J.: 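I'd like to ask some things about the structure below.
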Amino acid sequence: MKTKLKGISYSKYGYLFSIPFVVAFLIFTLYPTIYTATLGFTDCRGVMGPDNYKFLDHPFEIFKSVLENDSFRLSLKNTIGIWVMNFFPQITIALLLTAWFTSHSNEIRCKGFFKVVFYMPNIITAATVAILFKALFSYPTGPVNDLLVSTGLRDSSYYFATNKTAARLIVAFIQFWTWYGNTMIVLISGVLGISPDIYEAAEIDGANGVQTFFRITIPNLKTVLLYTLITSLVGGLNMFDIPFLFLNGGPDRATLTTSVYIYNQAFAGSYLYNKAAAASMVMWVIIALCSAVLFFVMRDKDQIKLDKELKKAKKEAKRVAKGGADQWQW
Amino acid sequence: MAVVNKKASTYAFKIIAYTFCLLLTILSLFPFVIMIVNSTRSTGEIQSHAISFIPGSNLKANWNVLMGRGFDPFAGFRHSLIISVGSTACNVYFSTMTAFALVAYDWKLRKPFFTVIMAVLMIPAQVTSIGFYQFMYKIHWTNNYLPLILPAIAAPATVFFMRQYMIPSLPMEILQSARIDGAGEFRIFNQIVLPMMKPAMATQAIFSFVMSWNQLFMPQILITDMEKYTMPQMVSLLNGDAYRTEYGSVYLGLFLTVVPILIAYFILSKYIIEGVALGGVKG
């Protein structure tokens, strides 16, 4: 039966079924990427339309000016700073909850309920979340101020939106609040993927919960942790909705992230498309480097091993064929 | 003695763990509770005490103010629905098709093609938005929903997920027997493969839908006509001067944008949580 079917080649269907993806990819991803990269070398700006631009005499002029630009540097610093402020509490709490929710000795009830509640903020539109938090932290009579004053923690209301550190912390907090549930669920599923035999062996050897967590769970979670780190970093580098709607990058550029910077350069009235394109490409390179790291970690290790062995076997076969039968017999 | 100690420490652990989880639960729910209650209260009431768990009687007045000043959640809802349904359908159908090409057929460029998909998996569309916008401007596709729908045909992350799911769950013997019965390859895909991939497609559909529904950046640069605003863009109107002093109306507007998502979430939460877990391990 098999030989009969082998007569017909089905390989063309592989190409045929990939056509929609390839076409859409070329049009909507590859071309815009090249276009963006090109625009960074031109004088494309203003409202007269995208056809009236030419290449600059000094091709790297715009890139240089963007990299030296005070606002861009600040926005990069803000983006990374806010990401760090959100990521470390997030991963810590997610790990803690993971340890509790996967503990064999101390079963926690209502896990399903907690998971649903902790994940919920992640599914709500970020734009809604940003404006909701703006209302919550509003001055002088927002709910948070109401809480601070009525519990006696502060004598008077605090104007959160005028303090740089407070604004950054709130943006970081919103990011934390929307993502820790997601991270927790990813980590829990990572732990459930670890062989139960290891845990059983640890229990027999008399390891306690803390030891088990640090000696077994964490080392076995390495790949998942790295995946979380990099996806979170890439997401963080693109942070737009919350800083944009919360205080539009303010106060005094304290929550200006790179995405807000790019948006403001191109679409908020100044039409500096070339500058925005150059800044985008800088971000593109950073994100590409991040995903390259992940690519090398996540690639199918078994498959690579198999390929190597196959190659080796082929080489061996060649060598044997060349060397003659006596080698083979040995 | 040791047994007593262990019992005491278990007890302490439980108190700490449950207290902490309860605090986080409050943290997750508190903003939404405040939002719902305040949407029924007047500006004056909110100004004197912003935290209250007793609903007010101002819901109708807030509604009238909200609707009178440009905020139209139903239009936003409709537009976002068109975009999200369209892009989700494209995403799921064509990603499954691409995964099928990668799994079922042995073709020369299969491996390099998959490597390319892996390589661009993480690059977000946002970083190439300037070129994308200029391109759309050139072909007069701004203020059009197509550039928000069609790019979903090429969704590397979904293809990756579908491929991982398809490899163990699609027996090649079924394809062979379908061929013997005279089915064409396209029919095999539509009538045999698609039904078998339903669970994975459902998971991906939920996430694709939510992503598309919630996105702000792309619509914000492409859709400038207020008549065509999507839901997140509608939300951003609540940030404007028109609602500066209308606290109750802002809360009500936010609430209206959240209702459909919350309902969908509580119906589908089991699948969503499972999907997040699955994506984390595989993706």
Side-chain angles (χ1 to χ4, degrees), chain A residues 5 10-11 13-15 17-18 20-21 24-25 28-29 32-33 35-36 39 50 100 106 108 114-121 123-128 131-132 135-136 141-143 146-147 182 185-186 189-190 193 234 238 240-241 245 266-267 273 276-277 280 283-284 287-288 291 294-295, chain B residues 10 13 17 21 24-25 28-29 31 34-35 47 49-51 94 97-98 100-101 105-107 110 113 118-119 121-124 126-128 130-132 134-135 137-138 150-151 153-154 176 185 210 214 216-217 221 232 235-236 238-239 250-251 254 257-258 261 265 269 273 276-277 280-281:
Chain A
L5 280 162
Y10 288 104
S11 67
Y13 290 104
Y15 292 98
F17 283 136
S18 315
F21 182 97
F25 180 77
F28 295 115
T29 305
T33 309
Y35 201 170
T36 309
L39 284 173
W100 288 350
N106 289 306
I108 285 190
F114 287 131
K115 277 190 200 170
V116 168
V117 172
F118 296 167
Y119 181 75
M120 192 183 68
I123 209 143
I124 306 292
T125 315
T128 303
I131 293 171
L132 180 58
L136 291 181
T141 54
D146 190 23
L147 193 71
N182 184 300
I185 291 167
V186 171
S189 80
V234 172
N238 274 302
F240 175 76
D241 305 16
L245 290 177
F267 304 108
Y273 296 115
S280 297
M283 294 315 290
W284 190 90
I287 289 170
S291 60
L294 195 65
F295 181 75
Chain B
T10 308
F13 166 81
C21 287
L24 286 177
T25 305
S28 281
L29 298 179
I34 294 291
M35 174 185 78
Q47 266 176 338
H49 259 297
I51 296 183
F94 289 107
M97 185 183 260
T98 313
F100 183 60
Y105 303 102
D106 201 8
W107 38 299
R110 174 159 83 159
F113 182 53
M118 285 283 284
L121 199 65
M122 302 265 299
I123 308 278
Q126 205 171 309
V127 287
T128 55
I130 305 295
F132 189 73
Q134 294 280 327
F135 176 36
Y137 186 86
K138 240 185 203 172
L150 294 180
I153 294 172
Q176 302 281 19
E185 298 301 305
V210 170
N214 286 345
L216 174 68
F217 190 87
I221 64 172
V235 175
S236 70
L238 295 172
N239 222 0
V250 170
Y251 284 115
L254 293 172
T257 65
V258 167
I261 309 176
Y265 180 58
S269 62
I273 304 278
V276 177
V281 172

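Model, not experiment: these values are computed from the prediction. By convention in this document, chain letters (A, B, ...) are assigned in the order of the sequence lines, proteins followed by strands, and residues within each chain are numbered from 1.
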J.: In terms of heavy-atom pairs under 4.5 Å with chain A, which of B:L150, B:V235, B:I261, B:I51 leads?
T.: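 Top count of heavy-atom pairs under 4.5 Å with chain A: B:I51.
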
J.: Can you say whether A:F267 sits under 4.5 Å from chain B via the side chain, the backbone, both, or neither, judging by heavy atoms?
T.: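 Contact with chain B is through the side chain of A:F267 alone.
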
J.: For a side chain to side chain contact (heavy atoms under 4.5 Å, CB included) check, start with the C-alpha distance between B:L121 and A:S291, then their side-chain angles and the critical distance, and finish with the verdict.
T.: CA-CA 8 Å; B:L121 199 65; A:S291 60; over 6 Å; no

J.: Can you tell me how far the CD1 atom of B:I273 sits from the CD1 atom of A:I185, to the nearest 0.5 Å?
T.: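 It comes to 3.5 Å.
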
J.: Restricting to non-hydrogen atoms, name the atom on A:M120 and the atom on B:L29 that form the minimum distance, rounded to 0.1 Å.
T.: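 What the structure gives for the nearest pair is CE-CD2, 3.7 Å.
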
J.: What residue in A:G14, A:S11, A:A135, A:P20 has the most heavy-atom pairs under 4.5 Å with chain B?
T.: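 Of the options given, most contacts go to A:G14.
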
J.: So which atom in B:P232 and which in A:T125 form the shortest heavy-atom distance, rounded to 0.1 Å?
T.: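 B:P232 and A:T125 have their closest heavy atoms at CG-CG2, 3.8 Å.
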
J.: Looking only at heavy atoms and a cut-off of under 4.5 Å, which of B:T257, B:I123, B:V210 has the most pairs with chain A?
T.: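 Among B:T257, B:I123, B:V210, the one with the most close pairs to chain A is B:I123.
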
J.: Between B:Q126 (side chain only) and A:N238 (backbone N and O only), is there a donor and an acceptor less than 3.5 Å apart?
T.: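 Present.
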
J.: Quick check on B:W107: does its CH2 atom have over 12 non-hydrogen neighbours (other residues, nucleotides or ligands) under 6.0 Å away?
T.: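 Above 12, so yes.
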
J.: Of the backbone (N, CA, C, O) and the side chain (C-beta and beyond), which part of B:D106 lies under 4.5 Å from a heavy atom of chain A, both, or neither?
T.: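 Only the backbone of B:D106 comes within 4.5 Å of chain A.
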
J.: What is the minimum heavy-atom distance between A:K115 and B:Y265, and which atoms define it?
T.: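 Reported closest heavy-atom pair: O-OH, 4.4 Å.
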
J.: Between A:F17 and B:F100 (judged by ring centroids, cut-off 6.0 Å), do the two rings come close enough to count as a pair?
T.: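 Judged by ring-centre distance (under 6.0 Å), A:F17 and B:F100 do meet the cut-off.
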
J.: Heavy-atom distance under 4.5 Å to chain A: side chain of B:F217, backbone, both or neither?
T.: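 Contact with chain A involves both backbone and side-chain atoms of B:F217.
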
J.: Using non-hydrogen atoms and a 4.5 Å limit, figure out which bit of A:V234 sits close to chain B: side chain, backbone, both or neither.
T.: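 The side chain, not the backbone.
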
J.: Can you name the nearest heavy-atom pair linking B:V127 to A:S280, along with the distance?
T.: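 Nearest heavy atoms, B:V127 then A:S280: O-CB, 3.1 Å.
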
J.: How far does CD1 of A:I131 sit from CG of B:L238, to the nearest 0.5 angstrom?
T.: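 The distance works out to 5.5 Å.
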
J.: Show your reasoning for whether side chain to side chain contact (heavy atoms under 4.5 Å, CB included) applies to A:F28 and B:F132.
T.: CA-CA 7 Å; A:F28 295 115; B:F132 189 73; 3.7 Å; yes

J.: Quick one: does B:N214's side chain have a donor or acceptor within less than 3.5 Å of a partner on A:A126's backbone?
T.: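 Judged by distance alone, no pair lies under 3.5 Å.
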
J.: Please work out which of the three classes, parallel, tilted or perpendicular, describes the rings of A:W100 and B:F13, given edges at 30° and 60°.
T.: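 Ring orientation of B:F13 relative to A:W100: perpendicular.
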
J.: Between chain B and each of A:Y119, A:F25, A:F21, A:F240, count heavy-atom pairs under 4.5 Å; write down the option with the most.
T.: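 Option with the greatest count: A:F21.
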
J.: When rounded to the nearest 0.5 angstrom, what distance separates CG in B:L24 from CZ in A:F114?
T.: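 The CG atom of B:L24 sits 9.0 Å away from the CZ atom of A:F114.
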
J.: Under 4.5 Å from any heavy atom of chain B, what part of A:A277 do you find: side chain, backbone, both or neither?
T.: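 It is both, since atoms from each part get that close.
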
J.: Could you check B:C21 against A:F118 for side chain to side chain contact (heavy atoms under 4.5 Å, CB included), going step by step and ending with a plain yes or no?
T.: CA-CA 9 Å; B:C21 287; A:F118 296 167; 4.2 Å; yes

J.: Could you tell me whether the side chain of B:Y105 and the main chain of A:Y15 form a donor-acceptor pair under 3.5 Å?
T.: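 No; zero donor-acceptor contacts below 3.5 Å.
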
J.: Say you draw a straight line from CG of B:L216 to CG of A:L245; how long is it, rounded to the nearest 0.5 Å?
T.: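 One gets 5.5 Å once the value is rounded to the nearest 0.5 Å.
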
J.: Assess whether side chain to side chain contact (heavy atoms under 4.5 Å, CB included) is satisfied between A:V186 and B:V276, documenting all intermediate values.
T.: CA-CA 7 Å; A:V186 171; B:V276 177; 4.1 Å; yes

J.: Taking all non-hydrogen atoms of both residues, which atom of B:S28 and which atom of A:P121 are closest, and how far apart?
T.: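 For B:S28 and A:P121, the tightest heavy-atom pair comes out as OG-CG, 3.9 Å.
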
J.: Pick one of side chain, backbone, both or neither for B:F135, based on which atoms fall under 4.5 Å of a heavy atom in chain A.
T.: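 Contact with chain A: backbone and side chain both.
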
J.: Quick check: does any side chain N or O of B:T128 sit under 3.5 Å from a backbone N or O of A:T33, one acting as donor and the other as acceptor?
T.: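 No, B:T128 side chain to A:T33 backbone: no donor-acceptor pair under 3.5 Å.
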
J.: From A:I287 CD1 over to B:M122 CE, what is the distance, rounded to the nearest 0.5 angstrom?
T.: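 Nearest 0.5 Å value for the CD1-CE distance: 8.5 Å.
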
J.: About how many Å separate CD1 of B:I34 and CG of A:L136, when rounded to the nearest 0.5 Å?
T.: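 If I round to the nearest 0.5 Å, the distance is 7.0 Å.
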
J.: Quick one: of A:A276, A:A127, A:P143, who has the most non-hydrogen atom pairs under 4.5 Å with chain B?
T.: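 So the answer, after comparing A:A276, A:A127, A:P143, is A:P143.
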
